[in-house]
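To start, the structure under review is shown below, and the notes come after it.
Indexing begins at 1, ligand by ligand and atom by atom, following the structure's order. For reference, positions follow the sequence shown, starting with 1. Just so it is clear, the model here is predicted, and its values are computed rather than measured.
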Amino acid sequence: MNINVVNQLNMFDETAANQLLLQLKKKPNSAIAFATGSTPIGMYKKLVAWFRNGDIDFSQIQAFNLDEFADLDIESPNSFFSFLKRNLYNSVNIEPSHIHPIKNTEASVKACSNYEKEINSHGGIDLAILGIGLNGHIGYNEPGSDFDSLTHLVQLSSQTIEANSNMFGSYEETPKLGITMGIRTIMNSRKILLMARGEEKAKIVHRALYGSISKDIPASILQLHSNMVVVLDRKAAKYLKETA
Ligand code: PGA
């Protein structure tokens, strides 16, 4: 585990974006699992800026969604697919045929197995970009998720629905179901980039990286990944000193 604690606020996004740059230099046709959420937005901005400057080329990548709402049209502005289009895909040279949204209109079981097939047909995920939820979720693998899971349907936890509700106006209007790459899908990725910023993430980051590996904290399984880079701001790394 390679932990980067970034002291300067403006270097967080650049440090994370650099991981993707390195990946694409090594393998221009990498399959990437892209996360949504507030954490990677700055990294995506940085990647767009580098693209406009001619410093990075997305033309060969295969772009996958880490997760998606299951009970929301993927063309809705609040879908994770729309988020990725808005924050990255529409602003760089990703081939439209290389973009792989989770097609949640298919019956859920079929959508999940089809997504696994789609990932496998591109040789598996080379780099999975992950945030971490306050409850330790990765993608939408909520506490209690099976470590052996592939892409699957999930009932979102009330904490997650609450956290999402600001986008939808109220708890009632917020989607209650997700489709997510499973923990095995994530762990099978050749490389993982885990990002967290802000003091509210400090306890869960410490628990996930140094606590016992348990289904209660899905991110704790990442301790067993042999090629993981963690990018934290100083606040999210607050409790790491004791154990580092
Ligand atoms: P955040 O979400 O980036 O908005 O904090 C992370 C997550 O829930 O995985």
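In this structure, ligand 1 sits under 4.0 Å from heavy atoms belonging to Gly37, Ser38, Thr39, Gly131, Ile132, Gly133, His137, Lys201.
Judged by distance alone, the side chains of Ser79 and Ser82 do bring a donor and an acceptor atom under 3.5 Å apart. Inspection of the Thr160 and Glu142 side chains reveals an N or O donor paired with an N or O acceptor under 3.5 Å. Using modelled atom types and a 3.5 Å distance limit, the side chains of Ser59 and Asp57 yield a donor-acceptor pair. For the 3.5 Å distance criterion, the side chains of Glu173 and Ser170 qualify, holding a donor opposite an acceptor.
No close placement of the Phe64 and Phe34 rings is indicated, their centers lying 6.0 Å or farther apart.
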Return all side-chain donor-acceptor pairs below 3.5 angstrom for residues 21-30, not counting sequence neighbours, or 'none' if the list is empty.
from: Gln23; atom 1: NE2; to: Ser30; atom 2: OG; distance (Å): 2.9
from: Lys27; atom 1: NZ; to: Asp126; atom 2: OD1; distance (Å): 3.0
from: Lys27; atom 1: NZ; to: Asp126; atom 2: OD2; distance (Å): 3.0
from: Ser30; atom 1: OG; to: Lys27; atom 2: O; distance (Å): 2.6

